[in-house]
2 protein chains.
Amino acid sequence: MVVSELSEQDVNRLFRALADATRRDIVRRTLVTDVSVSQLADSYDMSFAAVQKHVAVLEEARLVTKESRGRERMVRGNLERIRQAQRLLDHFEELWRSRIDRLDILLAEDEPAPPDT
Amino acid sequence: MVVSELSEQDVNRLFRALADATRRDIVRRTLVTDVSVSQLADSYDMSFAAVQKHVAVLEEARLVTKESRGRERMVRGNLERIRQAQRLLDHFEELWRSRIDRLDILLAEDEPAPPDT
DNA sequence: ATAAACTGCAACCAAATGGTTGTATCAGAG
DNA sequence: CTCTGATACAACCATTTGGTTGCAGTTTAT
């Protein structure tokens, strides 16, 4: 189980960070190329401080990292975190498959349902 | 592009709905088997109304559907919505790949960068 | 017909979110 | 050294969120 690295709190932060269009856009841009905070701020119709807060949220969720370069902080998207989110969603798929399996078993049996677990 | 069905608002709701441990658990349970709202409420250490609100959030995000059965409302997880979330994350992966491609091009060239697009 | 179980919804509350402005720090340019 | 650009951070504010209690409406059971 590769996902056990993540606490429930971590998962909360991860999905919450993705639940904002500006932040998703920042992640997209910084996955393609490193961008400074002020470059990002120029792109959105809000204050520098607001963009900075979004970056901070993404950083706490570890969806981006920051690296000092002179007086700028370059923001870089962290693909590994995206992959962790994907793995979490994969688990939901597996659960769903288990429902199908249970149905199959029921259909294949003419005995009463087996003791649970 | 299969994801264009989703507005930014839809995506916000989708990820926000997933950003709560109780709601994720409800989705997991209702993906495996249909469960009534009161059965769900029994499982968590909060009021019935609180659980009902969580279900409502999931319903708005279309992560679950409800179906009347007698006096109960059976909650059923909607895998398709999970898959849409996965596709959204896949797009992030593709963007990241484009970064690599760009690097490859730069390394392979000794001419100045080609006109973009 | 009554009572009990299941649900929906409104009103309320504390805390978190997403934005603002203002001030301070820090690195680079003149 | 001084000015400017880039960032950080605090204080503040409106709205949303996640919880509560209370009440009303339906469906089932007695």
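Everything quoted here is computed from the prediction, not taken from an experiment. Only this structure's heavy atoms are used, side chains among them; waters, hydrogens and symmetry mates stay out. In the text below, chain A, chain B and the rest are named by the order of the sequence lines, each starting its count at 1.
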* Asked: Under 4.5 Å between any side-chain heavy atoms of B:Lys66 and B:Met74, yes or no?
  -> no

* Asked: Does B:Glu67 pair with B:Arg73 as a salt bridge, N-O distance under 4.0 Å?
  -> no

* **Residue among A:Leu18, A:Asn12, A:Leu89, A:Leu88 satisfying side chain to side chain contact (heavy atoms under 4.5 Å, CB included) with B:Leu18** => A:Leu89

* Whole-Å distance between C:dT7 C1' and B:Gln39 CD? -> 14 Å

* Structure fact -> The bend of the helix from C:dA1-D:dT30 to C:dG30-D:dC1, taken between the axes of its five terminal pairs at each end and rounded to 10°, is 20°

* **A:Glu60 CD - C:dG18 C1' separation (whole Å)** => 15 Å

* Asked: Are B:Asp10 and B:Arg13 ion-paired here, with the side-chain N under 4.0 Å from a carboxylate O?
  -> yes

* To do: Answer yes or no: is there a donor N or O on one side and an acceptor on the other, between the side chain of B:Arg81 and the main chain of B:Leu14, under 3.5 Å?
  => no

* Asked: Taking atom P of C:dG28 as reference, at what distance in whole Å does atom CZ of A:Arg69 sit?
  -> 12 Å

* Side-chain N or O of A:His54 closer than 4.0 Å to phosphate OP1/OP2 of C:dG19 -> yes

* So do the side chains of B:Phe15 and A:Arg16 get within less than 4.5 Å of each other, counting heavy atoms only? -> no

* List in numerical order all residues of residues 16-27 of chain B for which some heavy atom is under 4.0 Å away from an atom belonging to DNA chain C. => B:Arg16

* Asked: Closest nucleotide of DNA chain C for B:Val37 versus for A:Gly70: which of these residues is on the 5' side?
  -> B:Val37

* **Donor on one side chain, acceptor on other, B:Thr33 and B:Arg76, under 3.5 Å** => no

* Separation of C:dG18 C1' from A:Met46 CE (nearest whole Å) -> 9 Å

Under-3.5 Å N/O pairs linking protein and nucleotides 9-13 of chain C:
none

* Do any side-chain nitrogens or oxygens of A:Ser38 fall under 4.0 Å of OP1 or OP2 in D:dT7? -> yes

* Separation of D:dG19 P from B:Tyr44 OH (nearest whole Å) -> 12 Å

* Once you round it to whole Å, what is the distance between P of C:dA4 and CD of B:Glu72? -> 19 Å

* Close side-chain approach of A:Glu80 and A:Arg62, heavy atoms under 4.5 Å -> no

* Asked: Quick one: do B:Asp90 and B:Arg87 make a salt bridge, cutoff under 4.0 Å?
  -> no

* Donor-acceptor under 3.5 Å (B:Gln39 side chain, B:Ser36 main chain) -> yes

* Base, sugar-phosphate alone, or nothing: which one does B:Ser47 contact when heavy atoms must sit under 4.0 Å apart? -> base

* Asked: Do A:Phe92 and B:Arg24 have side chains that get closer than 4.5 Å, going by heavy atoms?
  -> yes

* Out of D:dG19, D:dT7, D:dG5, which nucleotide sits closest to the side chain of A:Arg71? -> D:dG5

* Asked: Under the side chain to side chain donor-acceptor pair (under 3.5 Å) criterion, do A:Gln86 and A:Arg83 qualify, and how do the steps go?
  -> CA-CA 5 Å; A:Gln86 284 178 317; A:Arg83 293 207 170 124; 5.1 Å; no

* Asked: Whole Å only: how far is the CE atom of A:Met74 from the P atom of D:dA8?
  -> 13 Å

* Check the distance between C:dC6's P and B:Lys66's NZ and give it to me in whole angstrom. => 15 Å

